[in-house]
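Chain identifiers are assigned alphabetically (A, B, ...) following the order of the sequence lines, protein sequences preceding nucleic acid strands; residue numbering begins at 1 within each chain. Reckoned from all heavy atoms, side chains included, excluding hydrogens, waters and symmetry mates.
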Amino acid sequence: MDGLDTGAENTWCPGCGNFGILRAVKKAVQRLEETGVERDRLVICAGIGCHGKIFDYLHLSGLYSLHGRSVAAVSGMKMANPELRPIAFVGDGDAYGEGLAHLLFAAKRNMDVTVLVHNNGVYALTTGQFTPTTARGARTRSSPRGNVEEPFHPLALLLEAGATLVARGYPGRLDHLAELIVQAVQHPGFAMVDILQPCVTFHDTYKEYNKKVEVLEEPLDYPGALVLARERDRLPIGIFYRTEKPVYHRELHGDLHPIRDSLSRKQRWQLVQKLLSGETNE
Amino acid sequence: MVVTGDYSAAYGALICDVDVVAAYPITPQTFIVEDFSEFVADGLTDAEFVKVESEHSAMSACIAAQAAGARTFTATASQGLALMHEMLFVAAALHLPIVMPVVNRTLAAPIGIWCEYNDTMPERDTGWLQVYCETNQEVLDMVIQSYKIGEHRDVMLPVMPSMDAFILSHTVEPVHAPSTDEVADFLPRYQPQAILDTSNPMTIGSFAPPEYIQEIRYQSEVTMQKAREVIQQVNDDFAQTFGRDYHGLIEEYRTDDADVVLITMGTVTGTAREVVDDMRREGKKVGLVKLRFFRPFPLQELRRVAENVEAMGVYDRAMSFGSGGPAFIETRHALYGLDIPVVNFLAGLGGRDVVKEDVRLMFEKTLKAAKEGRAENETVWIGTRGVKP
């Protein structure tokens, strides 16, 4: 066994796209271990929604945060301990709605974290209201006459915000998704995988996705990625765009480890005395 | 009709002919706005329904709509209410009589969805009126009364009628539903005092230096105090029109010759009524006070009850850590100077069931305190693993 099971009773609906995501994450953890990323360096966080239950089903350390706030929480984890590789599990109603500001700013800063979005286009845990990615015209519990809002393109939005790895995955292509998660965790900088998650109960998209999904072999250049990210009729999966930029915690304090390298009380006192004596520090 | 508490709240908004609804889904409130969205889709109302991206936005949208002269409605629970926190002060201080049913649900951490009052209790100082309901009928009736009370010229304050998560929100009960016409006679059109109007421009909620704010705070208190009388008037009018009397700020049950009384809130009251009947049959003179309004707090009413009893028990479904249960703290404030023991009972936190045996234990502890003239323990945790009650 992979040792990642918790024994918690799984309460997702039979056939839920989340099962595939859970499988892919477990595969990815094993592959990461093979490449030298120890399991105890992976820390997880989840928001509120059906996706959040993954927190209970993964035997990994983490913090269960609030609706929309996972990305802010993993940012804190990375800042406090740069040796960790935090992964935020979020939903579309969660990170693209109430928590959108956190997501955009983490991308803007190139915070070295991984964000996995369980994008099912519906608030499923509260039984079927429309979200920021629900199609225009869709009839949901909160839009019985059809949704009058245009959904936004999450990948284009994140590219625009400065994300350095932007990808889309599909649990119907399990191995492919697992590999995307591996790449995202290994990526030095902000990585987001928007995962097409069918919701069998409120928004069953298996048929549509199985027909439309096509594998993107190579990442594109920035303008190309932006154009493809805005496509509505095609559903390419894979890494749309990848680049390397300085990561936030290094820009801020270089190689310093804020917890391990913090000064002792005596050292701080010596520093204060030095400052008060008028000696300049270099 | 036989409906849930959530449906009762949505139906209340429908028959009160609200103009604007802005809301965000959160368990166990979601059905309220979902049911309302069906009323809109079915053409039963021409209300504008704005589906916003967070509860903070929902309250902001309601504040603006109410300031523009509309009668507005929203609903939330737990984390959603906490996210609204700063906007709640704005709604109250601007004297905008928004009505917002809250489904009482435990506030994280740990994450839970069941009943606890630690979501609404922290909002007791925002300037909103708060009323806690016992039945689905009361939820519907209090939505109607909340508009009438809140929109009264002497009050002009927002109102938060609340109900217990799942026990009311998701449980069906027979509810008598007045028609829109009956309600229209009882509740006239909303008469805003000052509105955003392009032909008569004005600023609402502008910056204020210390030269002004203290008077504004004083006004909030004056209106909250006036609400006491208005609540009673509206209760009596409602009873006369619809035949259901909730007795105003508190309801007393078999307190006339009682030696001790227990103060309860929400659905536990229903359980406690049965325990009172049981114990009365055994010859024990116990009575019950249903604490309905928490803001304004029934200071005089509780004091009057206390003057005729030997001890009081106060049930709380939330804890103000480091002090006591909120209802207990305020009751003792009301009873200041009266020499009777008051015992605080904590039970049902996080949605744990409060059953007849629990309530009986509360009465027995209160009777013991009456007999001995003092409470053995002032704060008693009922049904807590590892803690002796």
Side-chain angles (χ1 to χ4, degrees), chain A residues 8 11 45-53 55-56 62-70 72-73 91-104 122-134 136-152 157 202, chain B residues 4 6-7 10 21-60 74-85 103 105-113 119 165 169-170:
Chain A
T11 55
C45 189
I48 305 294
C50 286
H51 80 272
K53 296 179 182 179
F55 190 88
D56 298 340
L63 175 89
Y64 207 152
S65 80
L66 293 178
H67 187 54
R69 317 295 168 196
S70 300
D92 50 316
D94 181 59
Y96 296 158
E98 196 162 302
L100 184 63
H102 302 302
L103 186 70
L104 296 182
V122 71
Y123 287 98
L125 194 67
T126 51
T127 67
Q129 298 77 29
F130 74 88
T131 72
T133 55
T134 305
R136 190 185 167 93
R139 287 175 192 275
T140 72
R141 296 279 282 270
S142 59
S143 59
R145 281 189 301 197
N147 179 17
V148 296
E149 298 177 24
E150 283 291 342
F152 57 58
L157 195 65
F202 299 107
Chain B
T4 62
D6 276 358
Y7 189 92
V21 177
Y24 187 79
I26 183 167
T27 304
Q29 170 278 128
T30 310
F31 289 141
I32 300 179
V33 288
E34 213 170 79
D35 290 336
F36 195 85
S37 82
E38 283 177 17
F39 298 151
V40 175
D42 292 346
L44 299 177
T45 167
D46 55 4
E48 294 283 337
F49 187 7
V50 197
K51 291 134 204 169
V52 289
E53 68 285 352
S54 79
E55 288 87 354
H56 194 282
S57 319
M59 186 43 62
S60 303
T74 184
T76 192
S78 186
Q79 310 295 141
L81 185 65
L83 188 61
M84 283 180 183
H85 179 68
V103 184
R105 162 186 156 183
T106 185
L107 199 64
I111 294 167
I113 52 173
D119 56 352
S169 70
H170 284 55

Q.
Which one wins on heavy-atom pair count under 4.5 Å against chain B: A:T131, A:L66, A:L100?
A.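 That would be A:L66.
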
Q | Residue pair A:R145 / B:F49, side-chain heavy-atom distance below 4.5 Å | A |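 Answer no - side chains too far apart.
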
Q) Under a 4.5 Å heavy-atom cut-off, does chain B meet the side chain of A:L125, its backbone, both or neither? A)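 For A:L125, the backbone is the part near chain B, not the side chain.
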
Q.
Given heavy-atom pairs under 4.5 angstrom as the criterion, report whether the side chain, backbone, both or neither of A:Y96 touches chain B.
A. neither

Give, as side chain, backbone, both or neither, the part of [X] having an atom under 4.5 angstrom from any heavy atom of chain A.
X     : result
B:E34 : both
B:I26 : backbone
B:T30 : side chain
B:V40 : both
B:Q29 : neither
B:F31 : side chain

What distance do [X] atom [atom1] and [Y] atom [atom2] have between them, rounded to the nearest 0.5 Å?
X      : Y     : atom1 : atom2 : result
A:T134 : B:K51 : OG1   : NZ    : 11.5 Å
A:R69  : B:L83 : CZ    : CG    : 5.5 Å
B:H56  : A:E98 : NE2   : CD    : 10.0 Å

Q. Within a radius of less than 6.0 Å around CD of B:E38, do more than 12 heavy atoms belonging to other residues, nucleotides or ligands occur?
A. yes

Q. What are the two closest heavy atoms between B:S37 and A:S142, and how far apart are they?
A. OG-CA, 3.9 Å

(Q) Can you tell me how the ring of A:Y123 sits relative to the ring of B:Y24, calling it parallel under 30°, perpendicular over 60° and tilted otherwise? (A) perpendicular

